[in-house]
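Okay, structure first, notes after.
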Amino acid sequence: MEYRRLGKSGLQVSVLSFGTWVTFGKQIDNQLADQLISTAYEAGINFFDNAEIYARGKSEVVLGNILKGKDWARSSYCVSSKVFFGYEEGRPNQTGLSRKHIVEGCHAALKRLQVEYIDLFFCHRPDKNTPIEETVWAMNTLIQQGKILYWGTSEWSNDEIMQAYVFAERNHLIGPTMEQPQYNMFERAKMERDYLLLFRDFGLGTTIWSPLSSGLLSGKYIDANPANTRLNIEGMDWLKERTLGDESKLEKTSQLYVLANALGTSLPKLAIAWCVKNKNVSTAILGASRLEQLKENLGALEVLPLLTPEVMERIEQILQNKPVQPMY
Ligand code: NDP
């Protein structure tokens with residue numbers, strides 16, 4: 001396993017990490033969840049990602065029980081939670097980034113995860129109804145109280161993150177350490193264009209999500225619609241539409257599949273390696289609903305040496321979606 005600094009912070013995260021969205025507390029049973037966490041940890045993964053909204057708190061309960069049952073030093077791994085969408089009914093103040101929901105959300109996540117502190121605590125989305133100042137103050141307070149160690153954002157715009165940095169600096173508060181954006185071969189704009197100044201000037205770290213675009217980049221949807229996947233779970237039609245709705249992505253996926261075979265590897269490994277080849281990625285969060293998937297994906301780092309400039313160029317020719325840099 002390779003470890004990278006989470007941006008300019010002193011925290012070392014494994015470049016591959018493991019997340020629980022859709023799977024824990026929902027798609028898979030707790031025994032498999034335990035096997036996945038053990039396999040990830042034994043492979044050197046030291047960051048497990050979670051959120052209050054995942055299975056409405058159940059995902060954190062499952063992870064918390066698993067971690068409690070292990071004899072692993074607390075210092076050997078990091079856990080996250082994310083606040084914004086809520087875990088209750090969604091009444092006013094049960095969602096968002098007000099001081100009230102951030103503090104209550106943190107306390108609830110600490111209980112569900114059964115930990116004394118959360119290593120990485122994210123604002124899961126920007127909150128248009130709360131001044132960023134209030135959010136920065138609330139996060140700074142939680143750090144001072146020792147309830148969280150680092151705070152960050154997820155799917156915030158460049159301007160919103162910049163505003164948080166500037167406010168924190170001006171008031172000698174601790175600003176965001178990391179952002180959690182989607183990043184994969186089909187979703188590149190934030191990582192490769194929007195955040196470049198944040199990387200250069202503020203040392204923003206990133207914990208990127210959906211490196212396989214929810215399984216599309218495993219190649220299993222080329223000419224097929226396997227029934228036992230997240231896209232066919234009841235209530236996930238929106239994700240199916242987002243993932244499979246664009247025919248051109250399937251066409252590109254089959255070309256990438258051929259390329260991966262020609263390189264003597266598999267498409268999921270190639271797709272994950274492509275993400276972590278970007279040095280602004282601190283860690284790529286893997287997801288898996290089966291043990292074999294995780295074991296395969298953990299092999300992605302072996303593919304990094306195959307990503308020569310020629311191969312990267314061939315991938316660009318297939319994708320045709322490189323974000324254009326501003327001219328000024
Ligand atoms: P991926 O894009 O890698 O998708 C993972 C899913 O793809 C698996 O659960 C499995 O689903 C399928 N899959 C994975 N590997 C293989 C394989 N080798 N062969 C075939 N199918 C495979 O990542 P996620 O979308 O799960 O995102 C990872 C993590 O990122 C999440 O767990 C969460 O922690 C975080 N996240 C954060 C978000 C945010 O807003 N901040 C949003 C989304 C995720 P199946 O078997 O069901 O097809």
Side-chain angles (χ1 to χ4, degrees), residues 1-2 4 14-19 40 43 45 181-193 195-196 206-226 228-232 239-325:
M1 184 57 65
E2 177 190 334
R4 292 185 184 172
S14 48
V15 71
L16 301 179
S17 45
F18 189 68
I45 283 181
Q182 183 177 177
Y183 184 52
N184 55 54
M185 287 172 162
F186 294 128
E187 196 67 44
R188 306 172 61 179
K190 281 199 166 84
M191 282 299 294
E192 296 184 33
R193 187 191 59 209
Y195 294 158
L196 292 184
T206 60
T207 64
I208 63 114
W209 60 270
S210 285
L212 294 181
S213 188
S214 263
L216 170 61
L217 285 163
S218 70
K220 65 185 170 190
Y221 297 102
I222 304 169
D223 300 327
N225 183 12
N228 53 351
T229 76
R230 70 166 58 164
L231 299 190
N232 289 309
L239 186 65
K240 187 173 191 171
E241 174 54 29
R242 193 172 79 185
T243 309
L244 301 180
D246 179 351
E247 276 288 318
S248 72
K249 284 190 193 168
L250 274 167
E251 171 51 34
K252 289 173 185 177
T253 303
S254 37
Q255 290 184 45
L256 292 163
Y257 187 88
V258 172
L259 175 65
N261 283 347
L263 291 170
T265 186
S266 72
L267 180 53
K269 285 194 215 177
L270 178 71
I272 293 165
W274 179 91
C275 290
V276 303
K277 170 111 175 131
N278 183 336
K279 290 294 173 209
N280 292 320
V281 170
S282 314
T283 179
I285 313 174
L286 307 180
S289 71
R290 292 152 197 252
L291 206 50
E292 310 85 71
Q293 293 173 351
L294 178 60
K295 286 183 178 164
E296 169 163 33
N297 299 349
L298 284 168
L301 300 188
E302 296 155 16
V303 178
L304 274 174
L306 303 180
L307 295 182
T308 60
E310 295 73 31
V311 170
M312 291 301 277
E313 184 47 37
R314 177 71 196 112
I315 293 172
E316 289 299 357
Q317 284 166 1
I318 295 172
L319 293 177
Q320 297 287 327
N321 62 0
K322 195 177 172 67
V324 178
Q325 306 300 329

Inset, instruction - Evaluate the side-chain hydrogen bond (donor to acceptor under 3.5 Å, both in side chains) criterion for residues Y221 and T243: first the C-alpha distance (whole Å), next the side-chain angles of each, then the deciding distance (0.1 Å), finally the verdict. - result: CA-CA 10 Å; Y221 297 102; T243 309; over 6 Å; no
Inset, instruction - Check the pair N225, L231 against side-chain contact (heavy atoms from CB on, under 4.5 Å), reporting the backbone distance first and the verdict last. - result: CA-CA 9 Å; N225 183 12; L231 299 190; 5.9 Å; no
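Side chains of E296 and S266: a donor-acceptor N/O pair is present below 3.5 angstrom, by distance only. For S214 and R230, the side-chain atoms include at least one donor-acceptor pair closer than 3.5 Å.
Here the straight-line distance linking atom CG of L270 with atom CE of M185 works out to 4.5 Å at 0.5 Å rounding. Here M1 contributes atom CE and L301 contributes atom CG; the two are 5.5 Å apart, rounded to the nearest 0.5 Å. Note that the NZ atom of K252 and the CG atom of L259 stand 14.5 Å from one another [nearest 0.5 Å]. Atom CG in N184 sits 8.0 Å away from atom CG in L212 (nearest 0.5 Å). How far CG of L256 is from CD of E251: 10.0 Å, rounded to the nearest 0.5 Å. Taking NZ from K190 and CD1 from I208, the interatomic distance works out to 13.5 Å, rounded to the nearest 0.5 Å.
The shortest heavy-atom contact between N297 and G287 is ND2-O, 4.0 Å. Between R188 and E316, the closest heavy-atom pair is NH2-OE2, 2.8 Å. Taking all atoms of both residues into account, the shortest heavy-atom contact from P305 to E302 is CD-O, 3.2 Å. Nearest heavy atom pair, residue L298 against residue A43, reads CD1-CB, 3.7 Å. In plain terms, the two heavy atoms of F18 and A288 that are nearest each other are CE1-N, 3.8 Å. Closest non-hydrogen pair, P211 versus I272, comes out as CB-CG1, 4.3 Å.
Using a 4.5 Å heavy-atom cutoff, the side chains of E2 and V276 are not in contact. L250 places a side-chain heavy atom less than 4.5 Å from the side chain of L216. No side-chain heavy atom of Q255 sits less than 4.5 Å from a side-chain heavy atom of V258. With a 4.5 Å cut-off on side-chain heavy atoms, I315 and L307 count as touching. V281 is listed as a side-chain neighbour of R4, based on a closest heavy-atom distance under 4.5 Å.
With hydrogens and angles disregarded, no donor-acceptor distance shorter than 3.5 Å links the side chain of S14 to the backbone of S17. At distances below 3.5 Å, not a single donor-acceptor pair connects side-chain atoms of N280 with backbone N or O atoms of E192.
More than 12 heavy-atom neighbours from other residues, nucleotides or ligands sit within 6.0 angstrom of CG on N228. The neighbour count for E247 CD, taken as heavy atoms of other residues, nucleotides or ligands under 6.0 Å away, does not exceed 12. In this structure, K295 places its NZ atom where only 12 or fewer heavy-atom neighbours from other residues, nucleotides or ligands lie under 6.0 Å away.
When the options T207, T206, N278 are evaluated for a side chain to side chain donor-acceptor pair (under 3.5 Å) with Y183, the one that passes is N278.
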